[in-house]
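Report on the structure given below.
Numbers here simply count residues along the sequence, with the first being 1.
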Amino acid sequence: MTETDAPRQANVFAAMKRGARCAFMGAALFLAACQSIVPKGPAPAPPTGPVQPTGPEVVQGLPTDAMRHRVALLVPMSGPNAGVGRSIANATTLALMDTKTDRVRITTYDTALGAAAAVNRALADGNRLILGPLLAEDARVIGPIAARANVPVISFSNDNSVAGGGVYIMGYNPTQSIERVVGFARERGLSHFGALIPRGTYGERAGNALLRAVEQAGGTVVSMQTFDRSPASITAAVKKLQASSSYDALLIADSGRVALQVAPIVRKNGGATARLLGTELWNTEGTLAASPVLRGAWFASVSDTLYRQLATKYRARYGASPFRLSSLGYDSVLLTVRIAQDWKPGSPFPAARLRDAGGFSGIDGAFRFNRAGVAERALEVSEVGAGAVTVADPAPRGFGE
């Protein structure tokens with residue numbers, strides 16, 4: 001998987017107003033129960049003799065739907081990312097059950113067998129909207145093919161570079177999480193920012209996002225150091241940070257697990273009192289609050305309040321826990337069902353509805369697609385405490401007009 005991809009949009013959350021409209025189906029989550037990866041088991045045994053037909057002859061492709069919208073889900077159902085793909089697929093099933101819709105048919109196609117083959121089959125089957133793919137490299141293949149058929153793509157990638165030309169990006173964006181946490185830190189009087197950035201695409205995007213966010217917030221980036229996640233590289237980067245200048249806030253632009261390794265070194269080498277900041281990647285690490293050195297750290301991400309309910313329902317139905325990205329599949333179905341109310345079956349998907357300025361709402365809170373096709377999200381700021389992570393600043397509930 002690409003870092004699950006990255007960035008854009010400055011000060012978008014400053015434009016949000018609590019209570020602004022963000023109509024959707026937030027209540028849909030409370031209707032059913034579910035979560036996780038499809039249980040593993042032996043494949044069914046192949047038939048040992050000729051199979052007698054039990055109904056009308058089935059031709060290649062899907063049966064005709066006169067009253068339902070055909071929507072394709074393109075995710076990896078085999079290969080190294082199959083767990084994530086199946087988790088997303090299961091979540092879409094839950095969303096269909098929770099909304100009790102009879103207007104949408106979702107058919108899953110395995111991108112691990114080839115992105116081009118998957119999208120061509122989906123289009124041949126008459127699908128008018130594509131949910132997925134997961135990976136940016138697959139979106140680059142699928143987007144142009146779907147565009148020629150006038151079929152929009154709502155990808156679960158977070159790589160902004162693949163957005164546009166009929167491709168919309170739903171993935172969690174590190175640029176937005178950095179803008180949110182930097183703005184929150186500035187409001188609380190912090191002005192001198194340092195950063196530890198992993199080498200690679202995600203790190204490059206995070207570093208650029210920090211420079212823009214701090215400039216826009218009226219602060220100063222005093223030092224930014226890169227590392228390759230090895231203990232020696234992390235230590236060397238922290239010492240360079242210490243030698244170059246002082247900082248009162250330090251962004252560790254990596255996963256929560258890496259932050260747990262980095263923070264003790266920072267505390268012993270010039271950053272004893274600095275406020276540590278994190279990105280949306282910290283939201284998937286459940287052991288942050290067990291670390292005294294991370295106490296008081298802030299990070300911005302989508303809210304987990306409704307996701308925890310989804311995960312409980314998912315476990316009840318599938319007997320395992322979902323991947324955090326499963327909420328993207330659930331929310332993409334909520335979006336589809338909402339638009340399907342005014343979408344005539346058999347007609348092209350009304351893509352203009354995706355650019356509703358009021359946005360949408362789902363498991364991950366309020367979001368809307370900007371002109372570039374990138375999802376702007378209402379993010380909350382969390383604080384790592386003693387034994388628990390709490391909400392320091394709630395996510396706005398909608399977008400201002």
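Between F369 and M170 there is a side-chain heavy-atom pair separated by less than 4.5 Å. Residues F156 and V75 meet the side-chain proximity criterion, which asks for heavy atoms closer than 4.5 Å. Looking only at side-chain heavy atoms (C-beta outward), T279 and V181 stay at 4.5 Å or farther from each other. Annotation: side chain of V384 is in contact with side chain of F299 (closest heavy-atom distance under 4.5 Å). Between L306 and L310 the shortest side-chain heavy-atom distance does not fall below 4.5 Å. I130 places none of its side-chain heavy atoms less than 4.5 Å from the side chain of Y109. You'll find the side chain of R68 stays beyond 4.5 Å of the side chain of P345, heavy atoms only. With contacts defined as side-chain heavy-atom distances shorter than 4.5 Å, the pair V104/T99 does not qualify.
Under a cut-off of 6.0 angstrom, the local environment of CZ in R121 is sparse, with at most 12 non-hydrogen atoms contributed by other residues, nucleotides or ligands. At most 12 non-hydrogen atoms from other residues, nucleotides or ligands lie less than 6.0 angstrom from CG of N150. The neighbour count for R257 CZ, taken as heavy atoms of other residues, nucleotides or ligands under 6.0 Å away, does not exceed 12.
The main-chain N or O of A122 is found under 3.5 Å from a side-chain atom of N127 such that the two form a donor-acceptor pair. S177 places a side-chain N or O within donor-acceptor distance of the main-chain N or O of P174, the cut-off being under 3.5 Å. S327 places no side-chain N or O within donor-acceptor distance of the main-chain N or O of Y307, the cut-off being under 3.5 Å. Side-chain atoms of N370 come within 3.5 Å of backbone N or O of V374 as a donor-acceptor pair. Looking at R180, its side chain never comes within 3.5 Å of a backbone N or O of A300 through a donor-acceptor pair. Within the 3.5 Å criterion, the main-chain N or O of V222 finds no donor-acceptor partner in the side chain of T220. No donor-acceptor pair under 3.5 Å is formed between the side chain of N269 and the backbone N or O of K239. When atom types are taken as modelled, the side chain of D331 and the backbone of D364 share a donor-acceptor pair closer than 3.5 angstrom. Within the 3.5 Å criterion, the main-chain N or O of A340 finds a donor-acceptor partner in the side chain of R103. The backbone N or O of S332 lies less than 3.5 Å from a partner atom in the side chain of T336, making a donor-acceptor pair.
Of all the heavy atoms in A195 and L210, the pair that sits closest is CB-CD2, 3.3 Å. Nearest heavy atom pair, residue A146 against residue L123, reads CA-CD1, 4.2 Å. When every heavy atom of M77 is checked against every heavy atom of D110, the shortest pair comes out as N-OD1, 2.8 Å. Closest approach of S291 to L260, counting heavy atoms only: CB-CD2, 3.4 Å. Pairing each heavy atom of V167 with each of G143, the nearest pair is CG2-CA, 3.6 Å. In terms of heavy atoms, S155 sits closest to P133 at OG-O, 2.8 Å.
One finds the CG atom of L74 at 11.0 Å from the CG atom of L134 (value rounded to the nearest 0.5 Å). Residue Q176 holds its CD atom at 12.0 Å from CZ of F367, rounded to the nearest 0.5 Å. In this structure, OG1 in T92 is found 11.5 Å from CE in M97, a value given to the nearest 0.5 Å. The structure places CG of L190 at 6.5 Å from CZ of R275, a figure rounded to the nearest 0.5 Å. Taking CG of L294 as the reference point, atom CD of E285 lies at 9.5 Å (rounded to 0.5 Å). In this structure, the separation between CD on E376 and CD on E179 is 9.5 Å, given to the nearest 0.5 Å.
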Output, in order, the C-alpha distance, side-chain angles, deciding distance and verdict of side chain to side chain contact (heavy atoms under 4.5 Å, CB included) for F227 and L196. CA-CA 7 Å; F227 63 94; L196 291 169; 3.8 Å; yes
Passes side chain to side chain contact (heavy atoms under 4.5 Å, CB included), L276 versus R267? Steps please. CA-CA 10 Å; L276 300 182; R267 294 307 191 200; 3.6 Å; yes
Could you check R317 against N90 for side chain to side chain contact (heavy atoms under 4.5 Å, CB included), going step by step and ending with a plain yes or no? CA-CA 9 Å; R317 183 171 183 84; N90 289 343; over 6 Å; no
Let's go through R338 and D356 carefully: what are the C-alpha distance in whole Å and the side-chain angles of both, what is the deciding distance for salt bridge (Lys or Arg N to Asp or Glu O under 4.0 Å) to 0.1 Å, and is it a yes or a no? CA-CA 12 Å; R338 174 184 167 183; D356 184 345; 3.2 Å; yes
Carefully, step by step, assess K268 and V238 under the rule side chain to side chain contact (heavy atoms under 4.5 Å, CB included). CA-CA 10 Å; K268 294 177 181 178; V238 172; over 6 Å; no
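Judged purely by distance below 3.5 Å, without hydrogens or angles, the side chains of S303 and T305 pair a donor atom with an acceptor atom. Side-chain polar atoms of S255 and Y202 form no donor-acceptor pair below 3.5 angstrom. In this model, a donor atom of one side chain and an acceptor atom of the other lie less than 3.5 Å apart for D98 and Y330.
Relative orientation of the W343 and F349 rings is perpendicular, given thresholds of 30° and 60° on the angle between their planes.
Only one option out of L379, N283, L325 pairs with Y172 in a side chain to side chain contact (heavy atoms under 4.5 Å, CB included); it is L325.
Between D125 and R105, no side-chain nitrogen of the basic residue sits less than 4.0 Å from a carboxylate oxygen of the acidic one, so the salt-bridge criterion is not met.
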